[in-house]
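Basis for what follows: all heavy atoms, side chains included, without hydrogens, waters or symmetry-related copies.
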Amino acid sequence: MQLELLAKALDAKLVGSGDIEITRIANLKTAAVGEISFLSDPRYRSVLTESQASAVIVREDDLAHVGGKAALVVSDPYVAFAKTAQLLDTTPPVAVGIAPSAVIDKTAVLGKNTAVGPNAVIGPGVVLGDNVQIGPGVIIGQNVKIGAFTKLYGNVSVYHDVEIGEHCLVQSGTVIGSDGFGYANERGRWLKIPQTGHVKIGSFVEIGACTCIDRGALDDTVIEDNVIIDNLCQIAHNVRIGSGTAVAGGTTFAGSVKIGRYCIIGGTSVFNGHIEICDGVTISGMCMVMRSIDKPGIYSSGIPAQTNKEWRLTASRVLHINDMYHKVNELERRLQALEGSSAK
């Protein structure tokens, strides 16, 4: 893409020649001729000056450091980088056309330009919107509805009665609509409770590889619009995740958790069941969230890494914290008694 056209697409101010042909986006340190890079952190201005990129994306304040290179001036270089990466994306389509080995039920309804890869299975009553791409080996159960322009990569499994909105992306190996973990115990014997709720996923949602989203027990599991979920997450039955929330890899939500809008959940965090997190909460990585949170802010609970020697000492002291608590209480009681006696 010519730099001039890229500038127009980004609504950026062009400084330098617009005839430069840009072939890909690259790191500032490794960029070469024909490539474009960006600077979002002023600490790397020295790298910007030395970069061999043909063009760079910068803020107005950093324009003096581009070293004579062509530049696109924007208010947020990182957002412009994301949009440039989309424009220059060379990722191949999930599927093209309808593969001969695909198994599509005669009652399924496929929109215009729908693509279905080899060995995919489309069940009865399924409705696929226009320009949907279904990868190889995908299984879609009965009465599933998938909105326009959504892509499911290979070996995704979507159980019955699931709804997925438009412009969604689901990475390989993810399972949507599997049974929630619902059982009753009758004198030591586990009785399965059929999970009769559904999963409803909004539009512009992205779900990473090998994530599991359970169907609701009675009500639905709901993922609202513009949510991004990383790889290897577990979302239990009746969880609700509010719009604009981001969930990093390995996070586990127990049943009936409600997450607000525009939250940021750090990786490998764990949420106790039946709690509510308000809008605008940030949870740092490896956090154990046991109670509801009703005020926006940043919350943490993980212990930072230490040397083994330091960790053993910390663990040893934690084991004696109850004894220390009682001793401090006793010392406070004695001190108060002494202070009372002195006052007399």
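Closest of all the heavy-atom pairs between Gly216 and His237 is CA-CB, 3.9 Å. For Ala31 against Ser37, the heavy-atom pair with the smallest separation is CB-CB, 4.5 Å. The shortest heavy-atom contact between Gly267 and Ala248 is N-CB, 3.4 Å. Summarising the geometry of Cys263 relative to Cys278, their closest heavy-atom pair is SG-O, 3.2 Å, with the distance given to 0.1 Å. Closest approach of Ala102 and Val116 over heavy atoms only: CB-CG1, 3.7 Å. Across all their heavy atoms, Ala99 and Gly117 have their closest contact at CB-C, 3.5 Å.
Placement of Leu110 and Val158 within a single hydrophobic cluster is found when ILVMFWY residues are connected by side-chain heavy-atom separations under 4.5 Å, directly or transitively. Under the 4.5 Å side-chain heavy-atom criterion for Ile, Leu, Val, Met, Phe, Trp and Tyr, Val162 and Val126 are members of the same hydrophobic cluster. Under the 4.5 Å side-chain heavy-atom criterion for grouping Ile, Leu, Val, Met, Phe, Trp and Tyr, Tyr159 is not connected to Val199 through any hydrophobic cluster. Residues Ile213 and Leu169 fall into different hydrophobic clusters, defined by Ile, Leu, Val, Met, Phe, Trp and Tyr side chains chained together at heavy-atom separations under 4.5 Å. Val121 and Ile104 sit in two unconnected hydrophobic clusters of ILVMFWY residues. Membership requires side-chain heavy atoms under 4.5 Å apart, directly or through other members.
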Please tabulate, one pair per line, all N/O donor-acceptor pairs under 3.5 Å involving side-chain atoms of residues 326-337, not counting sequence neighbours.
from   : atom 1 : to     : atom 2 : distance (Å)
Asn329 : ND2    : Tyr325 : OH     : 3.4
Glu330 : OE1    : Arg333 : NE     : 3.2
Glu330 : OE2    : Arg333 : NH2    : 2.6
Glu330 : OE2    : Arg334 : NE     : 3.1

Show which side-chain atoms of residues 133-145 pair as donor or acceptor with protein atoms under 3.5 Å away, not counting sequence neighbours.
from   : atom 1 : to    : atom 2 : distance (Å)
Gln133 : OE1    : Val94 : N      : 2.8

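Between the side chain of Thr150 and the main chain of Cys168, a donor-acceptor pair closer than 3.5 Å is present. Checked by atom type and distance alone, the side chain of Ser157 never pairs as donor or acceptor with a backbone atom of Val175 at under 3.5 Å. Between the side chain of Thr49 and the backbone N or O of His65, at least one donor-acceptor pair lies under 3.5 Å. Thr251 contributes a side-chain N or O that, together with a main-chain N or O of Gly266, makes up a donor-acceptor pair within less than 3.5 Å. The main-chain N or O of Val47 is never found under 3.5 Å from a side-chain atom of Ser51 such that the two would form a donor-acceptor pair. Asp220 places no side-chain N or O within donor-acceptor distance of the main-chain N or O of Val222, the cut-off being under 3.5 Å. Side-chain atoms of Thr174 come within 3.5 Å of backbone N or O of Gly208 as a donor-acceptor pair. Within the 3.5 Å criterion, the main-chain N or O of Asn226 finds no donor-acceptor partner in the side chain of Ser243. Proximity of a side-chain donor or acceptor of Asn131 to a complementary backbone N or O of Phe149 within less than 3.5 Å is not detected. Side-chain N or O atoms of Thr196 include one that pairs as donor or acceptor with a backbone N or O of Ala217 at under 3.5 Å.
Thr282 meets the side-chain contact (heavy atoms from CB on, under 4.5 Å) test with Ile264, Ile298; sequence neighbours excluded. Scanning for side-chain hydrogen bond (donor to acceptor under 3.5 Å, both in side chains) contacts around Arg317 gives an empty result, with sequence neighbours left out. When the side-chain contact (heavy atoms from CB on, under 4.5 Å) test is applied to Asp179, the partners found at least two apart in sequence or on another chain are Lys192, Gln195, Arg215. Asp161 is linked by a side-chain hydrogen bond (donor to acceptor under 3.5 Å, both in side chains) to nothing, counting only residues two or more places apart in sequence or in another chain. With sequence neighbours left out, Asp279 forms a side-chain contact (heavy atoms from CB on, under 4.5 Å) with Arg261.
Within the hydrophobic cluster formed by Ile, Leu, Val, Met, Phe, Trp and Tyr side chains joined at under 4.5 Å, directly or through other members, Leu232 stands alone, with no partner residue. Tyr183 belongs to a hydrophobic cluster whose other members, connected by ILVMFWY side-chain contacts under 4.5 Å either directly or through intermediates, are Phe181, Trp190. By the 4.5 Å side-chain criterion applied to Ile, Leu, Val, Met, Phe, Trp and Tyr, Ile57 is assigned to a cluster that also includes Met1, Leu3, Leu5, Leu6, Leu10, Leu14, Ile20, Ile22, Ile25, Ile36, Phe38, Leu72, Val74, Tyr78, Phe81, Leu87, Leu88. Other members of a hydrophobic cluster containing Val318 are absent, since no ILVMFWY side chain comes under 4.5 Å of it, directly or through relayed contacts.
Within 6.0 Å of the CG atom in Asp11, the count of heavy atoms belonging to other residues, nucleotides or ligands does not exceed 12. Residue Leu313 qualifies as enclosed at atom CG: its count of foreign heavy atoms under 6.0 Å is above 12. Other residues, nucleotides and ligands place no more than 12 heavy atoms under 6.0 Å from the NZ atom of Lys200. Enclosure of atom CD in Gln52 is not indicated, since only 12 or fewer non-hydrogen atoms of other residues, nucleotides or ligands lie within 6.0 angstrom.
Interatomic distance, Met286 CE to Ser301 OG, rounded to the nearest 0.5 Å: 9.0 Å. The line from CZ of Phe204 to CD of Glu166 is 7.5 Å long, rounded to the nearest 0.5 Å. Taking CH2 from Trp311 and CD from Gln306, the interatomic distance works out to 9.5 Å, rounded to the nearest 0.5 Å. Of the inter-residue distances, the one linking Ile265 atom CD1 with Ile228 atom CD1 reads 11.5 Å to the nearest 0.5 angstrom. A distance of 5.0 Å separates CD1 in Ile146 from CG in Leu152, rounded to the nearest 0.5 Å. A distance of 11.0 Å separates CG of Asp230 from CD of Glu206, quoted to the nearest 0.5 Å.
Within the structure, side-chain hydrogen bond (donor to acceptor under 3.5 Å, both in side chains) pairs that include any residue of residues 16-31 comprise Arg24-Glu35 (at least two apart or interchain).
Looking at heavy atoms from C-beta onward, Asn119 lies in side-chain contact with Ser101 at the 4.5 angstrom threshold. Using a 4.5 Å heavy-atom threshold, the side chains of Ser316 and His320 count as touching. In this structure the side chain of Val289 never reaches within 4.5 angstrom of the side chain of Tyr299, judged on heavy atoms. Counting heavy atoms from C-beta on, the side chains of Ile164 and Val205 never come closer than 4.5 Å. Contact annotation: the side chain of Phe271 never approaches that of Val239 to less than 4.5 Å [non-hydrogen atoms, C-beta and beyond]. The side-chain heavy atoms of Ile122 and Asp105, taken from C-beta on, include no pair separated by under 4.5 Å.
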Legend entry - Pair Ser256-His274, side chain to side chain contact (heavy atoms under 4.5 Å, CB included): steps then yes or no: CA-CA 5 Å; Ser256 299; His274 301 273; 3.5 Å; yes

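Considering Thr245, Ile176, Ile201, Ile207 in turn, Ile201 is the only one that fulfils the side-chain contact (heavy atoms from CB on, under 4.5 Å) rule with Ile223. When each of Asp214, Ile241, Val247, Thr252 is paired with Ile235, the side-chain contact (heavy atoms from CB on, under 4.5 Å) condition holds for Ile241 and for no other.
Residues Asn238 and Thr221 have side chains that never bring a donor and an acceptor to within less than 3.5 angstrom of each other.
For the pair Asp61 and Arg59, the salt-bridge criterion is not met [side-chain N within less than 4.0 Å of a carboxylate O].
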